[in-house]
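Comments concern the structure below.
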Number of protein chains: 2
Amino acid sequence: MKLTEKTIVAALRRNGYKATPQRRAVIRAIANSIDHLTPADIYDRIHLDHPGIGLVTVYRTLEVLATLNLVCELHTGTNCPSYTLSIPQHHHHLVCSDCGKVVDFTGHNLTELEERLARESGFRINNHILEFTGCCRTCQEMPGTASAAR
Amino acid sequence: MKLTEKTIVAALRRNGYKATPQRRAVIRAIANSIDHLTPADIYDRIHLDHPGIGLVTVYRTLEVLATLNLVCELHTGTNCPSYTLSIPQHHHHLVCSDCGKVVDFTGHNLTELEERLARESGFRINNHILEFTGCCRTCQEMPGTASAAR
DNA sequence: ACTGTAATTGATAATCATTTTCATTTAGTG
DNA sequence: CACTAAATGAAAATGATTATCAATTACAGT
Ligand SMILES: [Mn+2]
Ligand SMILES: [Mn+2]
Ligand SMILES: [Zn+2]
Ligand SMILES: [Zn+2]
């Protein structure tokens with residue numbers, strides 16, 4: 001499913017959530033960004049056009065979107081997750097722990113494992129996180145950095 | 001490699017870190033627990049025997065252990081990670097987003113994917129996180145819960 | 001065993017992220 | 001157009017993590 005503002009709004013309504021202008025603004029901010037955005041990032045971006053929207057509403061909207069699996073949560077080394085839409089397709093991440101650079105990758109399917117785990121554990125599984133962390137090429141070539149050593 | 005207090009202390013020294021009694025206490029607390037522990041959990045446990053050790057030192061010790069890949073970090077739905085030793089073997093997680101229950105599982109090897117990604121991206125990869133989230137059997141049977149529905 | 005030194009610690013405060021509360025507003029239904 | 005449950009914003013409370021800095025200590029070298 002292609003995730004646009006329109007389809008997301010439809011998904012909200014279908015699940016009994018209201019499609020408020022605040023939520024639309026959050027959705028648009030995420031949809032228009034290539035990068036993963038933290039709640040504060042999102043707030044900053046929409047604050048320009050919509051000074052009335054509070055950071056709390058950003059948090060609340062992200063919570064709803066996460067519940068509906070419409071956003072993909074990224075846990076970088078920082079103590080604050082960031083988000084993108086789960087498009088154009090489900091993907092996973094490669095994170096540089098030095099500079100924070102994030103590379104998305106696709107093509108690794110976990111549904112088989114997911115089914116096995118669901119069968120064996122009795123869990124109903126509805127999401128997963130797969131993240132590799134390391135040091136990107138640029139940071140490797142940067143001398144003096146801790147991880148550039150050895 | 002079997003991770004005991006002894007081998008961990010050796011790993012610390014080998015990497016130029018001092019093996020202080022504070023760090024040993026943290027290591028022991030993690031090693032003696034089956035469950036994943038948050039920094040605060042660890043602090044509570046060692047505080048009984050070692051009232052002098054501060055929470056800050058727990059954080060600092062975890063940082064070192066994480067750098068050396070001696071602990072396995074778990075990101076549950078809460079806004080606070082928890083830790084176990086990376087033993088008896090490297091493992092991954094299944095987390096119930098309702099009650100927080102965590103099931104470890106092994107037997108899924110990601111080294112092939114890791115090598116492919118390293119080759120294609122130029123990253124030097126040194127760790128990864130794989131976590132499935134869902135609803136455990138107990139919570140599914142609990143009526144009234146949000147996730148028990150549908 | 002003794003010394004010197006850089007690493008480590010603890011206390012405290014500062015910062016940052018997230019959640020709670022509650023009165024007010026509003027989307028969507030009929 | 002009116003009704004009502006859901007959603008919002010402001011503010012404060014809470015919780016997690018990090019920064020600072022003076023005092024302590026592990027351990028390498030003698
Ligand atoms: Mn994924
Ligand atoms: Mn793992
Ligand atoms: Zn980098
Ligand atoms: Zn559960």
Side-chain angles (χ1 to χ4, degrees), chain A residues 5-6 8-29 36-44 46-47 49-68 71 73-83 97 100 146, chain B residues 5-6 8-27 29 36-44 46-68 71 73-83 97 100 146:
Chain A
E5 181 182 349
K6 200 172 187 179
I8 295 177
V9 164
L12 285 177
R13 293 228 176 86
R14 191 175 342 118
N15 288 274
Y17 295 99
K18 294 181 179 176
T20 66
Q22 292 91 337
R23 284 175 176 164
R24 284 165 184 271
V26 171
I27 292 163
R28 245 177 280 123
H36 293 70
L37 302 178
T38 64
D41 288 338
I42 296 170
Y43 173 78
D44 289 342
I46 62 186
H47 191 259
D49 286 338
H50 311 268
I53 301 181
L55 179 56
V56 200
T57 296
V58 176
Y59 274 96
R60 288 190 280 225
T61 301
L62 287 172
E63 194 183 0
V64 172
L65 295 177
T67 301
L68 301 180
V71 284
E73 204 170 318
L74 170 68
H75 297 259
T76 61
T78 76
N79 51 2
C80 168
S82 53
Y83 301 83
S97 44
Chain B
E5 180 181 351
K6 201 174 187 178
I8 295 177
V9 163
L12 285 177
R13 293 228 176 85
R14 191 177 339 118
N15 288 275
Y17 295 99
K18 294 181 178 176
T20 66
Q22 291 90 339
R23 284 175 175 163
R24 284 165 185 272
V26 171
I27 292 164
H36 294 70
L37 302 178
T38 64
D41 288 337
I42 296 170
Y43 173 78
D44 290 342
I46 63 185
H47 192 260
L48 300 169
D49 286 337
H50 310 268
I53 302 181
L55 178 57
V56 198
T57 296
V58 175
Y59 273 96
R60 289 190 280 226
T61 301
L62 287 172
E63 194 184 359
V64 172
L65 295 176
T67 301
L68 301 179
V71 284
E73 205 169 318
L74 171 68
H75 297 258
T76 61
T78 77
N79 52 359
C80 167
S82 53
Y83 301 84
S97 45

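Residue numbering restarts at 1 for every chain, and letters A, B, ... go by the order of the sequence lines.
Counting to the nearest Å, the C1' atom of D/dA28 and the CG atom of B/Leu12 are 17 Å from each other. Rounded to whole Å, the distance from OH on B/Tyr43 to P on D/dA16 is 14 Å. Counting to the nearest Å, the P atom of D/dA16 and the NE2 atom of B/His75 are 15 Å from each other. Put simply, CG on A/Asn15 is 15 Å from C1' on D/dA6, counting in whole angstrom units. Atom CG of B/Asp44 is separated from atom P of D/dA16 by 11 Å (rounded to the nearest Å). What separates CZ of A/Arg24 from P of D/dA7 is a distance of 14 Å, to the nearest Å. In this structure, the CZ atom of A/Arg13 is 14 Å from the C1' atom of D/dA7, given to the nearest Å. Spacing between atom CD1 of A/Ile46 and atom P of D/dT8 amounts to 11 Å, rounded to whole angstrom units.
First and last contacts of DNA chain C with chain B, using any nucleotide atom under 4.0 Å from a protein heavy atom and ordered 5' to 3', fall at C/dA6 to C/dT18.
Shortest non-hydrogen contact noted between A/Ile53 and A/Ala25 is CD1-CB, 3.9 Å. The minimum heavy-atom distance linking B/Asn15 with B/Ala11 is given by the pair ND2-O, 2.7 Å.
Each of A/Tyr17 and B/Tyr17 was assigned the nucleotide of DNA chain D with the nearest heavy atom; the assignment lying further toward the 5' end belongs to A/Tyr17.
Between the CD atom of B/Gln22 and the OG1 atom of B/Thr57 there is a distance of 6.0 Å, given to the nearest 0.5 Å. The OG1 atom of A/Thr38 sits 12.0 Å away from atom NE2 of A/His36, with the distance rounded to the nearest 0.5 Å. Atoms CZ and CG, from B/Arg60 and B/Leu55 in turn, are 10.0 Å apart once rounded to the nearest 0.5 Å. Residue B/Ile27 holds its CD1 atom at 14.0 Å from NZ of B/Lys6, rounded to the nearest 0.5 Å.
Residue B/Tyr59 places its side chain closer to D/dT18 than to any other of D/dA6, D/dC27, D/dT18.
In this structure, A/Arg13 contributes its side chain and A/Ala19 its backbone to no donor-acceptor pair below 3.5 Å. Using a distance-only test at 3.5 Å, with no hydrogens or angles considered, a donor-acceptor pair links the side chain of B/Arg23 to the main chain of B/Lys18.
Comparing the helix axis at one end of the helix from C/dA1-D/dT30 to C/dG30-D/dC1 with that at the other, each defined from 5 consecutive pairs, gives an inter-axis angle of 50° (nearest 10°).
The shortest side-chain heavy-atom distance between B/Ile42 and B/Leu62 falls under the 4.5 Å cut-off. The closest side-chain heavy-atom distance from A/Ile46 to A/Val58 is below 4.5 Å.
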Every protein N/O lying under 3.5 Å from an N/O of nucleotides 9-12 of chain D:
unit_1	atom_1	unit_2	atom_2	d
D/dG9	OP1	A/Gln22	NE2	3.4
D/dG9	OP1	A/Gly52	O	3.2
D/dG9	OP2	A/Gly54	N	3.4
D/dG9	OP2	A/Thr57	OG1	2.4
D/dG9	N7	A/Arg60	NH2	2.6
D/dG9	O6	A/Arg60	NH1	3.4

Which is it for B/Tyr83 and B/Leu65 under the side-chain contact (heavy atoms from CB on, under 4.5 Å) test, yes or no, and what are the steps along the way? CA-CA 10 Å; B/Tyr83 301 84; B/Leu65 295 176; over 6 Å; no
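Using a 4.0 Å heavy-atom criterion, one finds that A/Ala19 contacts the sugar-phosphate atoms exclusively.
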